[in-house]
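Below is one structure, written out as C-alpha cells; comments come after it.
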Amino acid sequence: MSKKILVVDDEQPIVTLLTYNLEKAGFQVAAAYDGEEALDKVEREQPALMILDLMLPKLDGVEVCKRLRQRQIMTPILMLTARDDEFDKVLGLELGADDYMTKPFSPREVVARVKAILRRTELSQPAAELGERLVIGQLEIFPDRYEATVGGRPLELTPKEFELLLYLARHKGRVLTRDQLLSAVWNYDFAGDTRIVDVHISHLRDKIEDDTKKPVYIKTVRGLGYKLEEPKRHE
C-alpha cells in the first residue's frame, strides 16, 4: 500500500504541483490549506510524512510543528518557506522539522527529499525485530521505539534529535565531523550550514547532561566535531 503524504500550503498551484509529482512517484496525497486544517488532518489521515509551508493562515508552520511535537505526534515534517533565511531554517529544525526547503523549489527535489526522510524512518525497522538497546553510562537508547532514557528518565526528543543521538551512540568514542553528521543524519549536504548540527547538539545536551557547560556524554573536539563517550567514573 502506498504511503500517504499530507501537503500543507495556502497556495493552490503549489498544492496541485506537489500532488501531481508525489502521485506520479507512487504516493497518496492529502491536502490542507491552513494551520488548523493541517493539525486536524494529521490526526485523521495519519500521513507517513507532512510537507508543511512556513507561512500559513490561522496558524503558521512553526506553530503547527510545535503543537504536533508537544502532543508527541512525530510525523516526519519537510518544511517549506519562501524566505531563504537562516534563522527560519534553524528555528524550524529546532522545533522538530526533519528537513527544510526554500521556494522556489524543484518538484523532483521535493520528492527526493520525501523519499530520503521516509528511508531514514524505515531504517529503524530491522532494529525493532532485534529488540536493539544501546547503553552508554546511564543513557539507554531503544531504536525500535524511537525512545531514550537517562538515569531511567524518559527523554523528550524530536525525531532528528533522536537520530543524531543514535548515530553518535553507534559510533561511540569516534570523533565525527559536522559534515559527517550532516551527511549521515540529514542524508544530504546542507551546503556547509553546520550551525544546524550545533543547534541539535546543544538541544541534546540540554536534555541529557546534568551540566551543559561540563558535558560528560557529548564532547566537543575543537576544530573537528563531536563524539559521544562513556562518562568517566570521577565525572
Side-chain angles (χ1 to χ4, degrees), residues 62 65-66 69-70 74 76-79 84-102 113 116-117 120-121 123-124 127 132-143 145-235:
V62 168
C65 192
K66 189 189 300 181
R69 297 318 187 218
Q70 284 172 346
M74 296 304 179
I77 295 172
L78 170 59
M79 193 168 274
D84 188 10
D85 185 272
E86 184 181 0
F87 174 76
D88 283 344
K89 182 189 301 185
V90 174
L91 177 63
L93 294 169
E94 278 182 349
L95 292 170
D98 294 79
D99 204 346
Y100 182 102
M101 287 192 71
T102 302
R113 298 277 183 96
I117 295 169
R120 289 198 300 270
T121 304
L123 284 176
S124 66
E132 183 185 4
R133 179 177 70 114
L134 299 175
V135 181
I136 300 170
Q138 292 193 318
L139 182 64
E140 290 187 85
I141 304 168
F142 304 90
R145 306 201 301 260
Y146 257 59
E147 292 176 3
T149 64
V150 64
R153 172 178 58 85
L155 297 171
E156 293 187 9
L157 303 175
T158 67
K160 194 55 58 187
E161 288 167 358
F162 181 85
E163 288 169 18
L164 177 58
L165 178 63
L166 181 60
Y167 190 79
L168 287 165
R170 283 180 168 158
H171 298 81
K172 184 180 75 169
R174 278 183 53 189
V175 179
L176 300 166
T177 68
R178 291 171 175 83
D179 285 337
Q180 281 178 305
L181 292 169
L182 280 172
S183 176
V185 178
W186 280 266
N187 205 35
Y188 69 96
D189 182 12
F190 257 112
D193 191 1
T194 55
R195 185 181 165 205
I196 289 160
V197 174
D198 297 335
V199 165
H200 282 73
I201 290 288
S202 175
H203 279 229
L204 279 176
R205 282 176 171 157
D206 287 341
K207 296 173 181 182
I208 292 168
E209 306 283 1
D210 290 332
D211 183 353
T212 56
K213 293 181 180 177
K214 296 179 180 178
V216 299
Y217 287 103
I218 303 175
K219 298 292 187 73
T220 300
V221 182
R222 183 169 291 184
L224 291 174
Y226 300 100
K227 67 175 177 177
L228 180 69
E229 61 183 25
E230 194 97 22
K232 295 181 176 62
R233 288 183 181 276
H234 68 271
E235 292 180 325

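Because the structure is a prediction, the values reported are computed rather than measured. Each residue takes its place number in the sequence, starting with 1.
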What is the distance from atom [atom1] of [X] to atom [atom2] of [Y], rounded to the nearest 0.5 Å?
X	Y	atom1	atom2	result
Arg174	Leu168	CZ	CG	11.0 Å
Arg113	Asp99	CZ	CG	5.0 Å
Leu228	Ile208	CG	CD1	7.5 Å
Arg170	Leu176	CZ	CG	13.5 Å
Met74	Arg69	CE	CZ	6.0 Å
Thr158	Lys207	OG1	NZ	5.5 Å

Under 3.5 Å, side chain of [X] to main-chain N/O of [Y], donor-acceptor pair present?
X	Y	result
Tyr146	Leu157	no
Gln138	Val150	no
Arg205	Ile218	yes
Lys160	Val185	yes

Against Leu139, only a single residue in Val216, Thr149, Leu134, Leu155 fulfils side chain to side chain contact (heavy atoms under 4.5 Å, CB included); can you say which?
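When side chain to side chain contact (heavy atoms under 4.5 Å, CB included) is applied between Leu139 and each of Val216, Thr149, Leu134, Leu155, only Leu155 qualifies.
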Which atom names give the shortest non-hydrogen contact between [X] and [Y], and what distance separates them?
X	Y	result
Gly225	Val175	N-CG1, 4.4 Å
Met101	Leu78	CG-CD1, 4.0 Å
Gly137	Pro231	CA-CD, 4.0 Å
Leu164	His200	CD2-CB, 3.5 Å

Suppose we screen for side-chain hydrogen bond (donor to acceptor under 3.5 Å, both in side chains). Which residues come up paired with Thr212, at least two apart in sequence or across chains?
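Thr212: no side-chain hydrogen bond (donor to acceptor under 3.5 Å, both in side chains) contacts found.
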Among all residues two or more places apart in sequence or in another chain, which pass the side-chain hydrogen bond (donor to acceptor under 3.5 Å, both in side chains) test with Glu209?
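For Glu209 there are no side-chain hydrogen bond (donor to acceptor under 3.5 Å, both in side chains) partners, ignoring immediate neighbours.
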Under the rule for salt bridge (Lys or Arg N to Asp or Glu O under 4.0 Å), what residues qualify as partners of Glu156, not counting sequence neighbours?
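With sequence neighbours excluded, Glu156 shows a salt bridge (Lys or Arg N to Asp or Glu O under 4.0 Å) to no residue whatsoever.
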Residues which pass salt bridge (Lys or Arg N to Asp or Glu O under 4.0 Å) with Arg178, listed by chain and number, not counting sequence neighbours
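Arg178: salt bridge (Lys or Arg N to Asp or Glu O under 4.0 Å) contacts with Asp198.
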Those residues that, when tested against Phe142, pass ring pair (Phe, Tyr, Trp, His ring centres under 6.0 Å) (two or more places apart):
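Applying ring pair (Phe, Tyr, Trp, His ring centres under 6.0 Å) to Phe142 gives none.
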Of all residues at least two apart in sequence or in a different chain, which pass the side-chain contact (heavy atoms from CB on, under 4.5 Å) check with Ser202?
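By the side-chain contact (heavy atoms from CB on, under 4.5 Å) rule, Ser202 matches Asp206.
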